[in-house]
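Along the sequence shown, the residues carry numbers beginning at 1. All ligand and atom numbering here is 1-based and tracks the order in the structure.
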Amino acid sequence: MTEGDLCELSISAAQKMLRCGEISAVELTNAVLERIRSKEPEINAFITITEDLARKQAQQADKTIAEGSAGPLAGIPMAIKDLICTKGVATTCASRILEGFIPPYDATVMERLNAAGAVMLGKLNMDEFAMGSSNENSAFKITRNPWDLSRIPGGSSGASAAAVAADLCLGALGSDTGGSIRQPAAHCGVVGLKPTYGRVSRFGLVAFASSLDQIGPLAGNVEDAAIILSVIAGYDPRDATSVDKAVPDYRTCLAADVKGLKFGIPAEYLETEGMDPAVKAAFEKATETLVRAGAQCIEISLPHTDHALPAYYLIAPAEASSNLARYDGVKYGFRAPDADGLKQMYALTRSGGFGPEVKRRVLLGTYALSAGYYDAYYKKASQIRTLIQRDFAAAFEKCDIILSPTAPTAAFEIGEKTDDPLQMYLSDIFTLSANLAGIPGISVPCGFTENNLPIGLQMMGNHFAEDSLLKAAYAYEQQAGIYEKKPVI
Ligand code: GLN
């Protein structure tokens with residue numbers, strides 16, 4: 001096997017080859033590090049590359065494999081969105097304000113990956129504090145879409161999706177507050193799963209909007225996403241919102257059969273203005289594929305869909321303004337030099353340390369929470385959130401899985417939407433309701449535009465129904481079989 005072939009392996013294939021000694025973890029890790037060396041200058045996915053750590057972990061994985069005590073991800077090279085705390089490795093959230101911050105502890109998901117034997121290649125770029133849909137809000141660099149280097153990879157976990165698509169890792173972790181795993185997965189032609197709120201511990205995930213954030217996997221196919229989810233999911237007493245519910249082996253839930261499954265298509269989603277006809281066509285084709293395979297597709301209604309975006313853009317900034325209050329130059333990272341007194345130090349640190357989008361959200365959120373406007377904005381948005389949750393509950397009385405495109409368009413050009421925040425916010429029109437409702441959602445590739453840009457299909461399931469969601473996604477993936485295409489880089 002050549003080095004290039006090794007980098008293209010799926011996690012499940014690599015697992016088998018590692019177990020039977022056909023390849024070693026060191027060999028696999030070296031091959032991926034070599035690919036990073038040659039392709040990273042084009043993609044710009046990594047903020048930090050942890051080469052020495054990766055080699056050490058790979059050696060350790062080989063040892064456990066030889067001893068027969070290997071964990072489920074032993075020797076699998078993975079990369080991590082840079083807002084998940086990694087002990088001893090800088091965690092920046094792609095922000096200047098965290099300059100020099102080296103977490104003294106691992107996030108729970110990292111502890112779980114480490115215990116499972118995964119190899120960490122490094123930390124991935126993102127929109128600053130996960131606010132954005134294109135990676136253009138990173139303070140450090142713009143990650144490029146491997147399918148077309150002049151385009152964005154999506155966001156905020158854009159580099160997680162790009163790294164998987166470009167074979168710079170076998171799997172990645174991202175986070176999703178309003179679509180940040182699913183939308184980049186769609187734009188880069190990979191699989192991305194946002195779990196149910198409470199399924200995966202948020203301990204050690206730098207908070208953006210605590211009632212919406214979830215960590216989840218990005219991978220080359222549904223089986224690989226299931227393998228990662230089985231490792232990172234589960235109760236954690238250090239996260240008060242983590243739910244104590246058994247974690248199935250999600251991989252054993254997969255079956256290539258959709259017979260009897262009922263998919264609901266929200267009428268409101270298909271009426272969305274600005275949907276690219278290529279996305280609509282790919283979505284219709286995906287529906288036909290499912291019906292041909294024996295599934296049933298029915299029309300459903302999510303009547304409060306129109307209110308999801310405004311509600312999200314009050315709730316998320318409100319929580320962000322409170323979560324980000326801690327970055328004041330005292331406890332973490334950057335502190336503005338030469339300030340004249342404490343108040344000025346706060347002001348200079350925050351205005352110099354945060355980028356424009358983060359400042360916009362802090363201002364919006366502070367306004368929405370202010371005494372005079374709380375009822376009009378924050379309270380109203382919370383009420384809308386309840387109505388959206390009820391819409392989903394009613395929909396799941398009628399169907400097992402809700403089906404929609406993941407994003408209204410394919411990846412756009414770098415710079416195309418930077419001057420128009422509202423256009424940028426519309427990227428998440430189909431994804432953010434799942435966060436408001438706390439339900440799981442997955443994006444799987446379902447076709448390409450004329451320009452060879454990937455299109456994603458979103459499936460949303462009921463709370464804690466990741467097993468049936470993964471099963472449906474896997475079955476679709478098997479039926480559609482569109483994985484032969486690879487980005488040319
Ligand atoms: N694009 C959305 C936002 O900017 C969602 C981000 C996310 O899911 N982290 O808020």
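Closest heavy-atom approach to atom 8 (O) of ligand 1 within the set Ser134, Pro421, Gly178: this belongs to Gly178.
For Ala316, the closest heavy-atom approach to ligand 1 does not fall below 4.0 Å. The closest approach between Tyr312 and ligand 1 falls below 4.0 Å for a heavy atom of the residue. Contact between Gln183 and ligand 1 is absent, with no heavy atom of the residue lying under 4.0 Å from the ligand.
No hydrogens or angles considered: nothing links the side chains of Ser201 and Arg112 as a donor-acceptor pair under 3.5 Å. Thr50 and Lys123 share no side-chain donor-acceptor pair at under 3.5 Å.
Taking atom 6 (C) of ligand 1 as the reference point, the nearest protein heavy-atom neighbour is Ser180 OG, 2.8 Å. Of the protein's non-hydrogen atoms, Tyr313 OH, 3.3 Å is the one closest to atom 3 (C) of ligand 1. In terms of protein heavy atoms, atom 1 (N) of ligand 1 is closest to Asp428 OD2, 2.5 Å.
Distances below 4.0 Å separate heavy atoms of Ser156 from the following atoms of ligand 1: 9 (N). Per-residue contacts place Ala130 under 4.0 angstrom from the following atoms of ligand 1 (heavy atoms of the residue considered): 6 (C), 7 (C), 9 (N). Applying the 4.0 Å criterion to heavy atoms of Met131 picks out, from ligand 1, the atoms 4 (O).
Of the residues listed (Asp82, Asn125, Leu124), the one engaging Phe46 in a side-chain contact (heavy atoms from CB on, under 4.5 Å) is Leu124, and it is the only one.
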